[in-house]
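Since the structure comes first, as structure tokens, the remarks are kept for the end.
Remember, it's 1-based here, ligands and their atoms both numbered in the order they're listed. Model, not experiment: these values are computed from the prediction.
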Amino acid sequence: MSPETTQPSSASVAGDTPTYDAIVIGAGFGGLYALHHLRDEMGLSVRSFDGASDVGGTWWYNRYPGARVDAPSSPFYAYTFSQELVDEWEWPETQSTQADVLAYIEFVADRLDLRKDIQFDTFVTDARYDEATQHWTITSTDGELARARFLVCAIGALFVANKPDYPGIDDFAGAIHHTGRWPHEPVSFEGKRVGVIGTGSSGVQTIPEIAKTAEHVTVFQRTPQYALPARNRPLPKEDLEQYRRDWDELRTSMRKRGGWPFRIEKHDPTDHTAAERWERFEEMWDRGGMHLAINSFNGVYVNEDLNEEISEFVRTKIRSIVEDPDTADKLMPSYPFGTKRLILDNGYFEAYNRDNVTLVDLRDDPIESFTETGVRTAEGEHPIDILVLATGFDAVSGSMLRLNPKGRGGVPLADKWSERFDNNLGMTIAGYPNLFMIHGPGSPGVFFTMPLGAELQTKWIESCIRHLDDAGLGAMEATEEAEATWGEEINAIANRTLYPRANSWYMGANVPGKPRQFLGHLIGSQYFNRLTEVAEGGFDGFEFENRVS
Ligand code: N01
């Protein structure tokens, strides 16, 4: 599909720079909803920009073989605001593929006529706030793009690729593909020796797919992972019809239950013997998806003993699937279950039973360097033709730091965030008036269903804009005191759980030198109630400025 770039319809011009009420950066789930809502529901002039050639955001970039939503998704990993969209889209499987999610996003863009207000192939490299005019100006490498009163950064929680800098990696003569920047033309693994570094969600999804055609796959694993069987299956038509009929109610449940509509079956572990608990683990494993984590027993993420029991249960499962005991040993995870992103697998552990898949445990046999033709580890050479980097992202804060907006006094965000990602409500930053983040640090982001989270955050942006306009005000920004309190709240919630025990990207631990700070709000329902309370209570924790013009 070729992207459309039209001239904006309702902008004014200051000097040579088109000026809007709002600029949205990003045309993924978050940015598209923000464009629709601010433009169509609020009547604002809005211009969107995206570095990609079409809509989709994460789903435009992450097109590696095997890419799927890492949750049982259909039809809930989608927009919830429109019954028409729910009625018109057919989801074929319970765990949607990347291609299906992207097709859905393209359908929504068509249906809401969004592309006419998006400038594609335009990577925004800078954003500056002008205190005198209370406007943001954004630029690309080609020069000034636009100005607006409000800047919405929907630039992706998982966007900035994390690339390892092993000695000699640039000397490797074969193709290198990062899962988060996968080529749009097909990549053939037929007859190729493939090295895969990384065994997070992306690696676990792609390794079994690549192994189907490659001559050989060598997996370089730094940390073994818990992965649960996805049990993906066709979504029965009658289930989809039922969801459509119950949509209003389901949507309300999603809002209250962490983004998914299903009631959690609350079992107290102390009401059961160890044998009964094990039996229930088996039942949840057979059901597949996230059931083991969310429906087995209360307290999986806080109760160390229960967590160790589930951890051992999954280790037992891995041992029962992987035939070679030495390989199985290397695959044994040791951190608390669920404290790195839980992974849904479609044949990952089984892939190690193939003759053409080898596992290198980097804890015992670290990578020393790359050569033109392969990887040299402590124990020897691994010749490869193609290198796949499934090494993740500088998550959540990375894309804001790459944009590095300049706020009051021209202060770059990178200065403010050099040691902590201070912000208020995961959406606003002291010193950066009228700038809003979707899925920023300290918001539920990946811990909630992201399309619904973006809808609810955008509704809050609406209440901010209405508050300003109703009172004749020009700008609002978080106070530093509110940021400090918010940071303490986020940490307090995380510290009540086992999450901080793992070296995860949730903690910023995957990127060398990144401040160690829990990056999300773990209780989505509480978070969104809080947004409503702040708006209805007159925006405690914010400062306001009169409008200058
Ligand atoms: O990235 P990851 P991902 N040398 O950071 C390893 C979402 N997602 O792309 O664990 C060697 O999880 C790293 O090792 P370690 C999902 O939320 C969504 O897989 O840090 N190895 C790890 O094994 C997910 O959580 C969908 O020790 C290195 C791997 O690379 C998030 O994206 C689909 C290394 C990175 O795992 C990120 O997943 C897929 C190095 N220098 C993903 N650096 C959906 O469908 C890193 N690693 C929505």
Side-chain angles (χ1 to χ4, degrees), residues 28-29 56-59 61-74 76-78 93 95-102 105 156-167 169 177-182 195-207 209 218-227 230 232 259 290 331 333-335 338-346 348 359-363 365-368 370 375 377 387-396 398 439 445-451 502-514 519-520:
F29 265 117
T58 293
W59 296 102
Y61 287 100
N62 284 261
R63 45 181 77 218
Y64 56 86
R68 287 177 184 271
V69 182
D70 57 356
S73 53
S74 310
F76 306 107
Y77 184 81
E93 292 177 275
Q95 194 197 6
S96 305
T97 60
Q98 173 269 340
D100 283 339
V101 178
L102 187 60
I105 297 173
L158 297 162
F159 174 69
V160 178
N162 176 38
K163 293 187 181 154
D165 61 350
Y166 286 113
I169 194 164
H177 301 302
H178 190 284
T179 47
R181 289 289 177 283
W182 201 260
V196 181
I197 302 182
T199 53
S201 299
S202 305
V204 166
Q205 287 181 346
T206 206
I207 287 162
E209 285 304 310
T218 307
V219 178
F220 298 92
Q221 169 196 265
R222 188 164 73 178
T223 308
Q225 303 269 20
Y226 299 95
N232 177 46
M290 297 291 179
L331 288 165
S334 58
Y335 63 90
T339 53
K340 283 159 96 86
R341 173 74 175 194
L342 263 180
I343 299 172
L344 295 193
D345 101 70
N346 290 284
Y348 172 65
L359 181 63
V360 176
D361 185 348
L362 298 180
R363 294 167 301 176
D365 184 14
I367 293 176
E368 291 183 339
F370 274 75
V375 185
T377 63
L387 176 65
V388 173
L389 295 176
T391 43
F393 304 90
D394 180 356
V396 187
H439 301 316
V446 294
F447 295 101
F448 198 79
T449 310
M450 294 182 92
N503 285 325
S504 65
W505 61 259
Y506 295 155
M507 294 295 302
N510 63 326
V511 174
K514 184 165 175 170
L519 288 167

Closer than 4.0 angstrom: is that true for some heavy atom of [X] and an atom of ligand 1?
X: K340; answer: yes
X: Y506; answer: no
X: L158; answer: yes
X: Y77; answer: no
X: Y335; answer: no

Using a 4.0 Å heavy-atom cut-off, which part of [X] comes near ligand 1: side chain, backbone, both, or neither?
X: Q205; value: side chain
X: L362; value: side chain
X: N162; value: side chain
X: Y166; value: side chain

Original post:
Between V375 and Y166, is any pair of side-chain heavy atoms under 4.5 Å apart?
Top reply: no
**OP:** Measure the shortest side-chain to side-chain distance between W505 and V446 over non-hydrogen atoms and say whether it is less than 4.5 angstrom.
**Re:** yes
Can you pull out the closest protein heavy atom to [atom]? Residue, atom name and distance to 0.1 Å, please.
atom: atom 24 (C) of ligand 1; answer: S201 OG, 3.5 Å
atom: atom 6 (C) of ligand 1; answer: G198 CA, 3.7 Å
atom: atom 44 (C) of ligand 1; answer: R68 O, 3.2 Å
atom: atom 37 (C) of ligand 1; answer: W505 NE1, 3.7 Å
atom: atom 39 (C) of ligand 1; answer: Y64 OH, 3.0 Å
atom: atom 8 (N) of ligand 1; answer: D70 OD2, 3.7 Å
atom: atom 15 (P) of ligand 1; answer: T223 OG1, 3.4 Å

Parallel, tilted or perpendicular: which fits the ring planes of [X] and [Y], with parallel below 30° and perpendicular above 60°?
X: F447; Y: Y506; answer: tilted
X: Y64; Y: W182; answer: perpendicular
X: Y61; Y: F159; answer: perpendicular

Original post:
Can you name the closest pair of heavy atoms from Q205 and L344 and give their distance?
Top reply: CG-O, 4.5 Å
Options [options], ranked by nearest heavy atom to [atom], top entry:
atom: atom 35 (C) of ligand 1; options: P512, A390, S504; value: A390
atom: atom 38 (O) of ligand 1; options: P164, A67, S202, A157; value: S202
atom: atom 40 (C) of ligand 1; options: R341, Q221, R222, H178; value: R222

Subject >> Element-labelled atoms of ligand 1 that are located less than 4.0 Å from some non-hydrogen atom of T199 >> reply: 22 (C), 23 (O), 29 (C)
Subject >> Gap between atom CD of Q221 and atom CG of L331 - 0.5 Å precision >> reply: 5.5 Å
